[in-house]
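Numbering of ligands and ligand atoms starts at 1, following listing order. Just so you know, these numbers come straight off a predicted model, no measurement behind them. Residue numbers start at 1 and run along the sequence shown.
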Amino acid sequence: MKTPRLLFAFATLLATVGAPAAEAPASAPASNRLILHADQGKTAISRNIYGHFSEHLGRCIYEGYWVGEDSPIPNVRGIRQDVVEALKRIKTPVLRWPGGCFADEYHWKDGIGPRAKRPAMINTHWGGVTENNHFGTHEFMDLCEQIGCDAYISGNVGSGSVQEMMEWVEYLTSDANSPMANLRRQNGREKPWKVRYFGVGNESWGCGGNMTPEYYADQFRRYNTFVKNHGDSRVYRIACGASDFNYNWTEVLMAKVGRRMDGLSVHYYTIPTGSWGRKGSATDFGEDLYHATLRRALEMETVVTKHGAIMDQHDPQKRIGMIVDEWGVWTDVEPGTNPGFLYQQNSLRDALVAAVTLNSFNQHADRVKMANIAQTINVLQAMILTDKEKMILTPTYHVFEMYAVHHDATLLPTELQSAEYAFGPDKIPAVSVSASKDKPGKIHVTLCNLNPNQAAPVHVEVRGGTVQTVGTRILTADTMQAHNTFENPEAVKPRALPTANVVNNALLVTLPAKSVVVLEIE
Ligand code: AHR
């Protein structure tokens with residue numbers, strides 16, 4: 001019989017983390033208790049949960065990524081380098097493009113060949129501006145190669161033909177002596193690209209064609225037939241999924257499409273007020289809308305659980321991935337900016353939304369195989385904001401950087417008992433958690449305290465593992481509205497806390513009010 005590994009009961013490991021000992025004595029009462037099963041992980045957290053989405057919308061592509069080769073802003077083949085470097089630092093695993101709603105009116109052949117000769121179009125969804133197609137297939141694939149991420153391309157079902165989609169896949173991935181592969185070669189790319197993920201339509205129940213689920217399911221079957229695997233390319237096919245709580249869409253797709261798809265998407269946005277007409281400001285809000293925003297963000301747990309339960313009925317072995325390919329906070333635009341450009345600031349509140357949502361995806365890693373926050377630069381809950389040559393990182397970016405420790409790590413089961421954070425009659429759990437063990441054996445625990453008024457002491461019991469040192473990083477700020485600006489770009493940024501001492505074999509972590517904390521346990 002093997003010697004059992006050291007078992008740490010709650011009372012057997014004691015340390016204080018996250019605040020000076022005077023504020024968080026080891027004996028402080030904790031209504032939050034966490035049990036971490038260090039030896040029971042089975043499921044890998046796909047790094048693609050930390051994916052991104054970039055649409056031809058506002059200043060995401062143009063100004064965000066694309067400045068052109070002649071720009072004074074440092075660039076490689078027209079793509080700005082500060083942005084590429086920032087996205088490499090958070091280990092961006094996958095990037096979805098070109099939409100969004102834009103995808104269903106995008107005709108890829110307009111975006112290849114000499115730029116000066118590419119036809120322009122009107123971006124009818126987003127501000128009615130002229131799209132000159134200077135950023136097309138070659139530029140997007142170059143961007144992915146510069147970042148070092150996988151490409152996730154959304155094909156056009158709404159206004160595009162089956163032939164058009166079939167030819168795009170051939171252009172991208174075929175190494176044969178074929179018409180589309182030769183056209184690609186003529187345009188300067190000899191070898192095919194590796195395109196792992198391909199979406200067959202976007203929001204086909206709305207901007208992508210206003211289809212019924214039954215009609216879309218048939219369309220998927222038809223279009224997907226012509227999404228070919230060329231050579232050794234194996235395309236992971238993603239069907240357009242439901243919005244929010246439309247469980248019937250998932251039911252119909254699972255029943256009528258089933259294993260013909262590899263992934264089924266779902267979209268869920270957090271609207272602070274809950275009303276699309278007046279969504280609320282990104283930075284000018286009180287505790288009422290702070291609480292409401294987090295309450296609505298936590299609904300992602302319901303969305304994933306309930307769509308997942310329907311998928312389980314049809315696919316108990318979980319071979320079809322849930323792909324949450326649009327999510328994030330959607331507020332009113334910044335005053336004075338184009339309403340069609342969806343430019344919004346990003347505060348500590350957004351960071352907390354990202355942190356609890358990513359914890360939820362991690363906890364559902366057996367089903368959630370990819371997620372793509374909307375949208376990377378200058379649009380919705382962005383990672384990065386740019387103003388000409390200037391670039392700043394948002395609080396949400398910092399969460400993605402802190403949580404990168406979970407990429408491809410093994411999810412560890414957790415049991416959490418959390419205090420409530422109440423505002424008026426509305427209550428939400430104050431604490432959120434997920435934990436994983438990486439390949440070298442380090443454990444990472446990501447915790448959030450949503451309560452903006454009180455610190456949260458959490459008793460952590462690690463079962464089935466040894467604890468010698470605990471390192472801590474934290475993201476917080478003085479106010480819930482705190483955000484980074486071009487004048488003050490580092491108002492919200494993570495900081496490391498001194499490694500905690502393990503005393504008397506217990507770990508008491510004090511999460512400051514409105515904070516995100518990562519523990520590294522060795
Ligand atoms: O992300 C903005 C838009 O939201 C996307 O274009 C669309 O798919 C969704 O409705």
Side-chain angles (χ1 to χ4, degrees), residues 51-62 64-65 94-106 121-129 131 135 140 152-160 197-211 213 216 220 238-246 249 263-272 274-277 279 282 296-297 300 303 323-334 337-346 350 353-354 357 370-385 394 396:
H52 296 274
F53 166 42
S54 296
E55 181 169 10
H56 286 243
L57 195 179
R59 298 187 301 113
C60 184
I61 299 294
Y62 300 105
Y65 294 108
V94 62
L95 187 57
R96 178 175 184 247
W97 172 87
C101 295
F102 182 79
D104 279 294
E105 54 183 37
Y106 181 62
M121 66 181 280
I122 299 298
N123 190 335
T124 61
H125 286 291
W126 307 118
V129 294
E131 159 67 58
F135 189 92
F140 173 66
Y152 170 11
I153 289 190
S154 283
N156 180 347
V157 170
S159 70
Y197 302 100
F198 197 88
V200 181
N202 168 74
E203 297 198 348
S204 304
W205 38 263
C207 65
N210 282 303
M211 303 177 200
Y216 172 73
F220 177 91
I238 299 171
C240 162
S243 170
D244 309 336
F245 312 104
N246 182 354
W249 185 280
L264 177 59
S265 79
V266 62
H267 290 179
Y268 178 73
Y269 283 101
T270 298
I271 316 295
S275 157
W276 285 97
K279 298 181 271 296
R296 294 182 206 287
M300 181 65 92
V303 167
I323 310 294
V324 190
D325 54 16
E326 288 187 30
W327 68 274
V329 179
W330 191 326
T331 68
D332 292 335
V333 297
E334 289 305 302
T337 65
N338 187 330
F341 281 14
L342 309 187
Y343 177 72
Q344 64 191 48
Q345 249 295 356
N346 194 293
D350 294 79
V353 167
T357 306
M370 190 197 294
N372 310 77
I373 188 169
Q375 300 193 5
T376 324
I377 313 173
N378 296 329
V379 171
L380 299 178
Q381 190 176 351
M383 307 295 112
I384 293 171
L385 303 178
T394 66
T396 300

(message) If you compare all heavy atoms of Ala382 against all heavy atoms of Thr376, which two are closest, and at what distance to 0.1 Å?
(response)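 Residues Ala382 and Thr376, closest heavy atoms: CB-O, 3.5 Å.
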(request) Over all heavy atoms of both residues, which pair between Pro98 and Tyr106 is shortest? Give the atoms and the distance, please. (result)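 Closest pair (atom of Pro98, atom of Tyr106, distance): CG-CD2, 3.7 Å.
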(message) As a test of understanding, state which of Ile377, Asn346, Ile373 forms a side-chain contact (heavy atoms from CB on, under 4.5 Å) with Met383.
(response)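 Of the listed residues Ile377, Asn346, Ile373, the side-chain contact (heavy atoms from CB on, under 4.5 Å) partner of Met383 is Ile373.
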(request) Quick one: list whatever passes salt bridge (charged side-chain N to carboxylate O under 4.0 Å, His left out) with Arg59, sequence neighbours left out. (result)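 Partners of Arg59 under the salt bridge (charged side-chain N to carboxylate O under 4.0 Å, His left out) test: Glu63.
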(message) Which residue is it: Tyr268, Tyr343, Tyr269? I am looking for the one with a ring pair (Phe, Tyr, Trp, His ring centres under 6.0 Å) to Trp330.
(response)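 Of the listed options, the one satisfying the test is Tyr269.
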(message) Ignoring hydrogens and geometry beyond distance, is a side-chain donor-acceptor pair present between Tyr152 and Asn372 at under 3.5 Å?
(response)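 Checked: Tyr152/Asn372 side chains show no N/O donor-acceptor pair below 3.5 Å.
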(request) With a 4.0 angstrom cut-off on heavy atoms, strictly below it, pick out the residues next to ligand 1 and order them by chain and number. (result)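 Phe53, Glu55, Gly100, Cys101, Trp126, Asn202, Glu203, Tyr269, Glu326, Trp330, Gln375, Leu380.
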